[in-house]
Participant: 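Below is the structure I would like to discuss, written out as structure tokens.
By convention here, the first residue in the shown sequence is residue 1. Everything numeric in this text was worked out from a predicted model, so none of it was measured.
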Amino acid sequence: MVEIDRCEINCIHEEAVKAVRDALFGEDVAALLAELFRALGDPTRVKILFSLMTKELCVCDLSAVIGASESAVSHQLRILRNLRLVKYRREGKVLYYSLADAHVEKLFAQGLEHVTEDQKTEK
């Protein structure tokens with residue numbers, strides 16, 4: 001039986017390997033990127049990010065939108081804030097959250113497009 005996920009022979013394409021090795025980032029960047037994608041691996045955080053991509057909201061609003069407790073939302077926002085994915089501004093006693101910058105919106109929008117494009121073609 002032939003394994004589909006492997007070459008049938010062992011061959012190293014030296015120029016290709018060198019080009020990729022030269023472009024490859026370090027372990028510190030790899031760890032940060034993995035942490036970023038781990039953050040996107042939680043459905044509650046994904047719902048929070050989508051909500052904030054749509055509109056700036058406070059914890060109470062986010063709780064109402066996604067159907068989670070304010071405590072749970074606050075905990076997830078702390079994780080997202082530590083990863084610099086969201087930011088907040090204070091208005092009196094209310095903290096309004098939004099996406100940290102355009103990079104976060106672009107990353108999220110492209111991920112959403114990727115996972116929903118098959119659904120669009122099936123309809």
Participant: More than 12 foreign heavy atoms under 6.0 Å from CZ of Arg84: is that the case here?
Facilitator: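 Atom CZ in Arg84 is not packed in, count stays at 12 or less.
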Participant: Return yes when atom OH of Tyr88 has more than 12 non-hydrogen atoms of other residues, nucleotides or ligands closer than 6.0 Å, and no otherwise.
Facilitator: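 Atom OH in Tyr88 is not packed in, count stays at 12 or less.
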Participant: Test side-chain contact (heavy atoms from CB on, under 4.5 Å) on Leu107 and Leu36; report intermediate values, then the result.
Facilitator: CA-CA 11 Å; Leu107 173 67; Leu36 167 68; 3.8 Å; yes
Participant: Once salt bridge (charged side-chain N to carboxylate O under 4.0 Å, His left out) is applied, do any residues pair with Asp22, and if so which ones, sequence neighbours excluded?
Facilitator: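 Applying salt bridge (charged side-chain N to carboxylate O under 4.0 Å, His left out) to Asp22 gives Lys18.
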Participant: Give, for atom CD of Glu117 and atom CG of Leu112, the distance between the pair rounded to the nearest 0.5 Å.
Facilitator: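 The CD atom of Glu117 sits 11.0 Å away from the CG atom of Leu112.
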Participant: How many angstroms lie between atom CD of Gln76 and atom CG of Leu49, to the nearest 0.5 angstrom?
Facilitator: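 These two atoms lie 10.0 Å from each other.
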Participant: Identify each donor-acceptor pair in which a side-chain atom of residues 53-74 lies under 3.5 Å from a protein atom, sequence neighbours left out, and give them as a table.
Facilitator:
residue, atom, partner, partner atom, Å
Thr54, OG1, Phe50, O, 3.0
Glu56, OE1, Arg89, NE, 3.3
Glu56, OE1, Arg89, NH2, 2.8
Glu56, OE2, Arg89, NE, 2.9
Asp61, OD2, Cys58, N, 3.4
Ser63, OG, Ala68, O, 2.4
Ser69, OG, Ala72, N, 3.0

Participant: So which heavy atom on Thr44 is nearest to which on Asp42, and how close?
Facilitator: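 Closest heavy-atom pair between Thr44 and Asp42: N-OD2, 3.0 Å.
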Participant: Report whether Ile12 and Leu24 are members of the same hydrophobic cluster (ILVMFWY, side-chain heavy atoms less than 4.5 Å apart, transitive linking).
Facilitator: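 Hydrophobic grouping puts Ile12 apart from Leu24.
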Participant: What distance separates Lys106 NZ from Glu113 CD, expressed to the nearest 0.5 Å?
Facilitator: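 Answer rounded to 0.5 Å: 11.5 Å.
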Participant: Give me the atom names and distance for the closest heavy-atom approach of Arg81 to Val86.
Facilitator: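 Scanning both residues completely, I find the closest heavy atoms to be N-CG2, 3.6 Å.
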Participant: Are Tyr97 and Ile79 co-members of a hydrophobic cluster defined by side-chain heavy atoms under 4.5 Å apart?
Facilitator: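 Looking at the clustering, Tyr97 is in the same group as Ile79.
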Participant: Under a 4.5 Å side-chain heavy-atom rule over Ile, Leu, Val, Met, Phe, Trp and Tyr, are Val94 and Ile48 clustered together?
Facilitator: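 Each belongs to a different hydrophobic cluster.
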Participant: Do Phe37 and Val104 belong together in a cluster built from hydrophobic side chains that touch within less than 4.5 Å?
Facilitator: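 Yes, it is one cluster - the side chains of Phe37 and Val104 are joined through contacts under 4.5 Å.
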Participant: With a 4.5 Å cut-off on side-chain heavy-atom distances among I, L, V, M, F, W and Y, is there a chain of contacts connecting Leu33 to Leu83?
Facilitator: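 Yes, Leu33 connects to Leu83 through the hydrophobic network.
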